[in-house]
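Data first, discussion second: the structure below is written as structure tokens.
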Amino acid sequence: MKKRQQRHDAIREIIRERAVKTQRDLAFELQQAGYECTQATISRDIMDMGLLKSPDGCYLLPEEERLQRMVSELVEEVHVTGNMVVVKTFPGGAAGVSAAIDNAHLAGALGTVAGDNTIFVAATDGEAAESVGRAVDRLRRR
């Protein structure tokens, strides 16, 4: 059971970091991360985790569906500085996007503060801020 949970955690990280469109792509990324698994295992993991497909055909975590929709519609810019991520939205969009970021429980994100069109995301460290920034920016570009 522990191995399965670790693989699911790896899948979450891969999907948050990269645009993965096929099971073959996911199998390759898992292999790069040190996991050997069959297509049947990957298919079962996708079902167990409730992964969705975004309009552009990439796998999406269920908890990130709302975040993806809001970010793609409302976010204009994403900047990383130190352990902070600054997200610029269209006027009035920051509160909703901020709540979606909090609800998605992105790894390394401690919390958000939102104004009218600016969100500050506090991360555990600079590396986590880079990861959160990449995840939000990737969702913005979909």
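Partner of Val132 under the side-chain contact (heavy atoms from CB on, under 4.5 Å) criterion, chosen from Val80, Leu106, Ile101, Asn83: Leu106. Between Cys37 and the choices Arg7, Gln31, Arg44, the side-chain contact (heavy atoms from CB on, under 4.5 Å) rule is met once, by Arg7.
In terms of modelled atom types and a separation under 3.5 Å, the side chain of Asp116 and the main chain of Pro91 share no donor-acceptor contact. Judged purely by atom type and a 3.5 angstrom limit, Arg12 has no side-chain atom pairing as donor or acceptor with the backbone of Leu61. Panel note: side chain Asn103, backbone Ala99; a donor-acceptor pair is recorded below 3.5 Å. Remark: the backbone N or O of Arg69 is paired with a side-chain donor or acceptor of Ser72 at under 3.5 angstrom. The main-chain N or O of Met84 is never found under 3.5 Å from a side-chain atom of Thr81 such that the two would form a donor-acceptor pair. A donor-acceptor pair under 3.5 Å is absent between the side-chain atoms of Ser43 and the main chain of Gln39, judged by distance alone. Using a distance-only test at 3.5 Å, with no hydrogens or angles considered, a donor-acceptor pair links the side chain of Arg138 to the main chain of Ile15.
A donor atom on one side chain and an acceptor atom on the other are not found under 3.5 Å apart for Asp48 and His8.
Geometrically, Lys53 engages Tyr59 in a cation-pi contact defined by less than 6.0 Å to the ring centre and at most 45° from the axis.
Residues that satisfy the salt bridge (charged side-chain N to carboxylate O under 4.0 Å, His left out) test with Asp102, not counting sequence neighbours, are absent from this structure. With sequence neighbours left out, Arg134 forms a salt bridge (charged side-chain N to carboxylate O under 4.0 Å, His left out) with Glu17. Residues forming a side chain to side chain contact (heavy atoms under 4.5 Å, CB included) with Glu127 (at least two apart in sequence, or on another chain): Asp125.
No side-chain heavy atom of Val85 sits under 4.5 Å from any side-chain heavy atom of His79. Side chains of Lys3 and Tyr35 form no contact here, defined as non-hydrogen atoms less than 4.5 Å apart. Annotation: side chain of Phe120 is in contact with side chain of Val86 (closest heavy-atom distance under 4.5 Å). Between Leu30 and Ile14 there is a side-chain heavy-atom pair separated by less than 4.5 Å. Between Leu110 and Thr124 the shortest side-chain heavy-atom distance falls below 4.5 Å. For the pair Ile11/Met49, a side-chain contact is recorded, criterion being any heavy-atom separation below 4.5 Å from C-beta on.
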Can you check side-chain contact (heavy atoms from CB on, under 4.5 Å) on Val75 and Val78, steps first, answer last? CA-CA 8 Å; Val75 172; Val78 178; 3.9 Å; yes
Show the numbers, then the answer: is there a side-chain contact (heavy atoms from CB on, under 4.5 Å) between Leu60 and Leu139? CA-CA 10 Å; Leu60 185 64; Leu139 293 172; 4.0 Å; yes
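Between Val136 and Val71, the shortest heavy-atom contact is O-CG1, 3.4 Å. Taking both residues in full, the closest heavy atoms of Ala94 and Gly115 are given as CB-O, 3.2 Å, listed atom of the first, atom of the second, then distance. Residues Met70 and Ala100 come closest through the heavy atom pair SD-CB, 4.0 Å. Glu29 approaches Arg18 most closely through the heavy-atom pair OE1-NE, 3.2 Å. Minimum heavy-atom separation, Ser98 to Ala114: CB-CB, 3.6 Å. Residues Ala129 and Gly82 approach most closely at CB-O, 3.5 Å, considering heavy atoms.
To the nearest 0.5 Å, atoms OG1 (Thr118) and NZ (Lys88) are separated by 3.0 Å. To the nearest 0.5 angstrom, Gln68 atom CD is 10.0 Å from Leu52 atom CG.
For Glu13, the CD atom counts as loosely surrounded, since its 6.0 Å shell holds 12 or fewer non-hydrogen atoms of other residues, nucleotides or ligands.
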